[in-house]
Amino acid sequence: MTTDGFTTCLWYDGQAEEAAHFYVSIFKNSSIGRVGRNVEGGAGPAGSVLAVEFTANGQKFVALNGGPQFKFNESVSFQIFCADQEEIDYYWTKLTEGGGEPGPCGWLKDRYGLSWQVVPDKLIDMISDADQEKASRTTKAFMAMSKFDIAALERAYAGE
């Protein structure tokens, strides 16, 4: 391979540049890269944006204006592991603003229909605990939540 890692290509119907700027505005360690434009006889009107390279939280992406044929769905999502409630609240608010939709169990869709999971970084440890009662209580608690509440998860885990 000629580069390290992978680049995720996200398919949009005319909103590639707008979406790239949206994600770059939310995450640290983010930037816009090259912007490719359609040429005469290309996939779209000459001069319009075809693709935008961007980095969000250090992850490489390409936003592609591919047309209306494909839409995002929940079969692919991005997980954001958060250290505390402040981070959960920040990402939840930013990603749902402007038309995003909250979902169950820490999932949401942003205004472009892309699915995200905003998750406490300690959740996996809690639900995989060897003490099945702790794991079960925590799982039942998070299944009843939309946006995660770390304090409530910790109380469930502790049996309070």
Side-chain angles (χ1 to χ4, degrees), residues 1-13 15-33 51-64 66 68-160:
M1 293 177 66
T2 60
T3 62
D4 294 331
F6 295 95
T7 300
T8 302
C9 183
L10 302 172
W11 183 291
Y12 295 90
D13 183 17
Q15 308 96 349
E17 187 172 30
E18 175 186 316
H21 283 282
F22 175 67
Y23 301 128
V24 166
S25 76
I26 294 172
F27 296 98
K28 295 177 183 177
N29 192 20
S30 301
S31 62
I32 299 291
V52 179
E53 290 180 333
F54 70 100
T55 301
N57 197 32
Q59 173 67 43
K60 298 179 291 184
F61 292 90
V62 170
L64 173 70
Q69 299 91 325
F70 302 109
K71 304 284 184 213
F72 296 122
N73 66 54
E74 293 83 358
S75 67
V76 174
S77 63
F78 293 100
Q79 293 181 317
I80 304 169
F81 290 97
C82 301
D84 54 34
Q85 192 66 46
E86 184 179 351
E87 280 189 352
I88 287 175
D89 294 346
Y90 170 79
Y91 289 116
W92 192 270
T93 299
K94 291 294 187 180
L95 288 166
T96 57
E97 74 184 10
E101 300 174 5
C105 305
W107 288 61
L108 62 87
K109 285 186 182 180
D110 67 27
R111 65 177 81 167
Y112 304 102
L114 189 59
S115 292
W116 298 83
Q117 297 176 56
V118 183
V119 182
D121 59 6
K122 59 179 90 176
L123 181 64
I124 300 301
D125 289 336
M126 295 166 87
I127 64 173
S128 62
D129 194 295
D131 182 331
Q132 289 297 297
E133 289 182 21
K134 287 181 176 180
S136 178
R137 288 191 305 263
T138 306
T139 300
K140 287 177 185 172
F142 91 68
M143 294 293 286
M145 295 178 182
S146 182
K147 179 177 73 171
F148 283 126
D149 177 336
I150 294 176
L153 290 170
E154 289 172 338
R155 285 191 301 274
Y157 182 76
E160 297 173 4

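Everything numeric here is computed off the predicted structure, so don't read it as measured data.
Side-chain N or O atoms of R137 include one that pairs as donor or acceptor with a backbone N or O of A156 at under 3.5 Å. Although no hydrogens or angles enter the test, the distance criterion places no donor-acceptor pair under 3.5 Å between the side chain of E74 and the main chain of L108. Although no hydrogens or angles enter the test, the distance criterion places a donor-acceptor pair under 3.5 Å between the side chain of S146 and the main chain of G103.
The CH2 atom of W107 sits 12.5 Å away from atom CH2 of W116, with the distance rounded to the nearest 0.5 Å. Distance check, rounded to the nearest 0.5 Å: CD of E53 to CD1 of I32 gives 10.5 Å. Atom CD of residue Q59 and atom OG1 of residue T7 lie 7.5 Å apart, to the nearest 0.5 angstrom. Between atom OG of residue S128 and atom CG of residue L123 there is a gap of 9.0 Å, rounded to the nearest 0.5 Å. Taking CG of L64 as the start and SG of C9 as the end, the distance is 4.5 Å to the nearest 0.5 Å. Here the CE atom belonging to M145 is positioned 9.5 Å from the CD1 atom belonging to I150, to the nearest 0.5 angstrom.
Closest approach of M126 and Y157 over heavy atoms only: CE-CB, 3.3 Å. Here the closest heavy-atom approach between residue E87 and residue F81 is recorded as OE1-O, 4.1 Å. Nearest heavy-atom pair, A51 versus V62, reported as atom, atom and distance to 0.1 Å: CB-CG1, 4.0 Å. Annotation for F148 and C105: closest pair CZ-O, 3.2 Å, computed over non-hydrogen atoms. Considering every non-hydrogen atom in both T139 and I127, the closest pair reads OG1-CG2, 3.5 Å. The minimum heavy-atom distance between A20 and V52, with the atom names listed, is CB-CG1, 3.8 Å.
Y112 has its ring centre no less than 6.0 Å from the ring centre of F72. Ring-centre distance between F78 and Y91: not below the 6.0 Å cut-off.
Around atom CD of E133, no more than 12 heavy atoms belonging to other residues, nucleotides or ligands sit under 6.0 Å away. Other residues, nucleotides and ligands contribute at most 12 non-hydrogen atoms within 6.0 Å of the CD atom of E86.
Looking at heavy atoms from C-beta onward, T55 lies out of side-chain contact with S30 at the 4.5 angstrom threshold. Residues I80 and F27 have side chains in contact (heavy-atom distance under 4.5 Å, counting atoms from C-beta outward). Contact check for K122 versus E154: side-chain heavy atoms found under the 4.5 Å cut-off. Using a 4.5 Å heavy-atom cutoff, the side chains of F54 and H21 are not in contact.
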- Item | salt bridge (Lys or Arg N to Asp or Glu O under 4.0 Å) evaluation trace for D110 with K94 | CA-CA 9 Å; D110 67 27; K94 291 294 187 180; over 6 Å; no
